[in-house]
S.K.: 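Quick one: the structure is below, and I'll ask about it shortly.
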Amino acid sequence: MLLSKPVVAIVGRPNVGKSTLFNKLIGERLSIVDDVPGVTRDRIYGECEWSGRKFSIVDTGGIEPASNDIILSQMRSQAQLAIDAADVIVLVTDIRTGVVATDSDIAAMLLKSGRPVVLCVNKCDTVGSPPPEFYEFYNLGLGDPIPVSSVHGHGTGDLLDLIVKNLPAEEDDEHEGELIKVAIIGKPNVGKSSLVNKIAGEERCIVSDIAGTTRDAIDTTIENQYGCFTFIDTAGLRRKSKVEDSIEKYSVIRAQMAIERADVCVIMIDASVGFTEQDSKVAGLAHEAGKGCVIAVNKWDVIEKDDRTMIEYRKKLEQDFSFMSYAPMIFISAKTGQRLDRLFDLIKHVANANSMRIATGMLNDVLAQAVARVQPPTDKGRRLKIYYMTQATVKPPTFVCFVNSAQLFHFSYQRYLENRIRETFGLEGTPIRFIIRERGDK
């Protein structure tokens, strides 16, 4: 993983307000907050700046040292990974419950880590001197506790001062090269988290056969021989009628926000299940947002194959995804790592196409050749005239066509021009937008 700034990990038992504090420190609602314990499961990264120092903050799931539950034990592992990678650790406790046995167990674990630990006593919501029960937190042996209200923001300045004081000296280690943001989207249980873990080379996200394991949109930044990428693991998107609890509703919103901030969307499909209507809806979200798209057919290692299997599967998917025929397909296995090197190449190619800018002169040369080959449509003796075309924006490439009549510009002729532009400039994997302007329009 590539984390260029010092890293601060927020840890503690469930429901002490770690995610609320995390959101308050980074200044945005990135981590899902709910009164139900155990909402946060994976590590969630955000950026903070205080007193001229920038650093990364990691929100972790609640630690329950004695639990044997599958999800809780993996949450504990995720928190341990965050502790191992951190430069400073913030232990969050709850003034309302006082010091409990779990707090003491976690404090002992942190003391063994050898890293600076800042003790935060949360939910001190009243202004003024802290209540008498505040002083029992000295028993944890972690130095002076800081009274904080993560809801109101009281005490967060003192907390940040102590964090910055314990940060290591600044280093100029900013990564070079352009960062490509990649959202991994799809239905539940298609292998999105497994893919991120395989790419990162570590257990970055909790993986389970239980649908809905991933809740937040989790960023993982890596740098390799292919370039610099941020992979955003998202919650599985189910039909609205299936989404019942409020936490999953938040998860769906986070997934949609991840699509908005991504450069490329990898749409994952389960090869053992095949195409479903929900796959079409998920792909439609990326298409409507104008993002570069790659269709990744996962679990290809479990399919019984002959020399025709991939060809036939591809033909079937081309029919199913006819509305986004521009998207390249790749058959992968997140479990074995099959064709992941090819996936990186496709992501870079699609990101370049999505941000490509074409000179007006070259664009109009292609337009003149296309019009000469296939005459524009006519209606009642009046023929469409395309005066010229220019590119307005990128991400996605958007072209403005100046014509004599917008009504005469039939969608079939628009599709023909789109195909000519794609063939000439290699715009694979990105949607193309057309804006039609009649001469005289403002």
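We number each residue from 1, following the sequence as shown. Excluded from the calculations below are hydrogen atoms, water molecules and symmetry mates; all remaining heavy atoms, backbone and side chain alike, are included.
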S.K.: Give the C-alpha distance, both sets of side-chain angles, the deciding distance and a yes or no for side-chain contact (heavy atoms from CB on, under 4.5 Å) between Val58 and Ile10.
M.R.: CA-CA 6 Å; Val58 192; Ile10 298 176; over 6 Å; no
S.K.: Is the backbone N or O of Tyr388 less than 3.5 Å from a side-chain atom of Thr390, with the two atoms forming a donor-acceptor pair by type?
M.R.: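 Answer holds: no.
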S.K.: Is the backbone N or O of Val371 less than 3.5 Å from a side-chain atom of Arg373, with the two atoms forming a donor-acceptor pair by type?
M.R.: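 Answer holds: no.
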S.K.: Hydrogens and angles aside, do Thr336 and Asp301 bring a side-chain donor and acceptor to less than 3.5 Å of each other?
M.R.: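 Side chains of Thr336 and Asp301: no pair found under 3.5 Å.
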S.K.: Between Lys181 (side chain) and Ile232 (backbone), is there a donor-acceptor pair under 3.5 Å?
M.R.: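 No; judged by distance alone, with no hydrogens or angles, the pair does not exist.
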S.K.: Nearest 0.5 Å, what's the CG-CG distance between Leu21 and Leu159?
M.R.: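 So the CG of Leu21 and the CG of Leu159 are separated by 6.0 Å.
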S.K.: Would you find more than 12 non-hydrogen atoms of other residues, nucleotides or ligands less than 6.0 Å from Lys165 atom NZ?
M.R.: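 It does not: Lys165 NZ has 12 such atoms or fewer within range.
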S.K.: Looking only at the side chains, is there a donor atom on one of Thr309 and Asp306 sitting less than 3.5 Å from an acceptor on the other?
M.R.: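 On atom types as modelled, these side chains qualify, holding a pair under 3.5 Å.
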S.K.: Applying side-chain contact (heavy atoms from CB on, under 4.5 Å) to Met268 and Ile185, what does each step give before you reach the verdict?
M.R.: CA-CA 6 Å; Met268 289 194 73; Ile185 60 174; over 6 Å; no
S.K.: Donor-acceptor pair, distance only, cut-off 3.5 Å: does the side chain of Ser150 make one with the backbone of Thr20?
M.R.: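 Not confirmed, Ser150 side chain does not pair with Thr20 backbone.
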S.K.: Any chance CZ of Arg415 has more than 12 other-residue heavy atoms, nucleotides or ligands included, within less than 6.0 Å?
M.R.: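 For Arg415, atom CZ is not crowded (no more than 12 foreign heavy atoms under 6.0 Å).
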S.K.: Does a sphere of radius 6.0 Å around CD in Glu304 hold more than 12 heavy atoms from other residues, nucleotides or ligands, not counting ones at 6.0 Å or beyond?
M.R.: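 Count not over threshold, so no.
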S.K.: Decide side-chain contact (heavy atoms from CB on, under 4.5 Å) for Val182 and Asp263; before the verdict, give the C-alpha distance in whole Å, the side-chain angles of both, and the deciding distance to 0.1 Å.
M.R.: CA-CA 6 Å; Val182 185; Asp263 300 309; over 6 Å; no
S.K.: Can a donor-acceptor pair be found between the side chains of Thr276 and Asp279 at a distance below 3.5 Å?
M.R.: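 Judged by distance alone, the side chains do pair up.
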S.K.: Counting N and O atoms only, with roles assigned by atom type, does the side chain of Asn354 sit under 3.5 Å from a partner on the main chain of Gly290, one being a donor and the other an acceptor?
M.R.: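 Side chain of Asn354 to backbone of Gly290: a pair is present.
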S.K.: Quick check: does any side chain N or O of Lys385 sit under 3.5 Å from a backbone N or O of Ser405, one acting as donor and the other as acceptor?
M.R.: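 No, because the side chain of Lys385 does not come within donor-acceptor range (under 3.5 Å) of the backbone of Ser405.
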S.K.: Hey, mind stepping through Leu343 and Val294 against side-chain contact (heavy atoms from CB on, under 4.5 Å) and telling me if it holds?
M.R.: CA-CA 9 Å; Leu343 179 62; Val294 176; 4.1 Å; yes
S.K.: Assess the pair His287 and Tyr326: is the distance between their ring centroids shorter than 6.0 Å?
M.R.: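 Ring centroids of His287 and Tyr326 are less than 6.0 Å from each other.
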S.K.: Which label fits Tyr416 and Tyr413: parallel for a plane angle under 30°, tilted from 30 to 60°, or perpendicular past 60°?
M.R.: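 Answer is tilted, since the angle falls between 30° and 60°.
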S.K.: Within the supplied structure, the quantity of interest is the number of heavy atoms (other residues, nucleotides, ligands) at a distance under 6.0 Å from Glu423 CD; does it exceed 12?
M.R.: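 Atom CD in Glu423 is packed in, count exceeds 12.
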S.K.: Kindly assign one of parallel, tilted or perpendicular to the pair Trp300 and Tyr313, based on the angle between their ring planes and the thresholds 30° and 60°.
M.R.: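 If you compare the ring of Trp300 with that of Tyr313, the planes turn out perpendicular.
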S.K.: Tell me whether Lys299 is salt-bridged to Asp270, with the criterion being a basic N under 4.0 Å from an acidic carboxylate O.
M.R.: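 Answer for the salt bridge query: yes.
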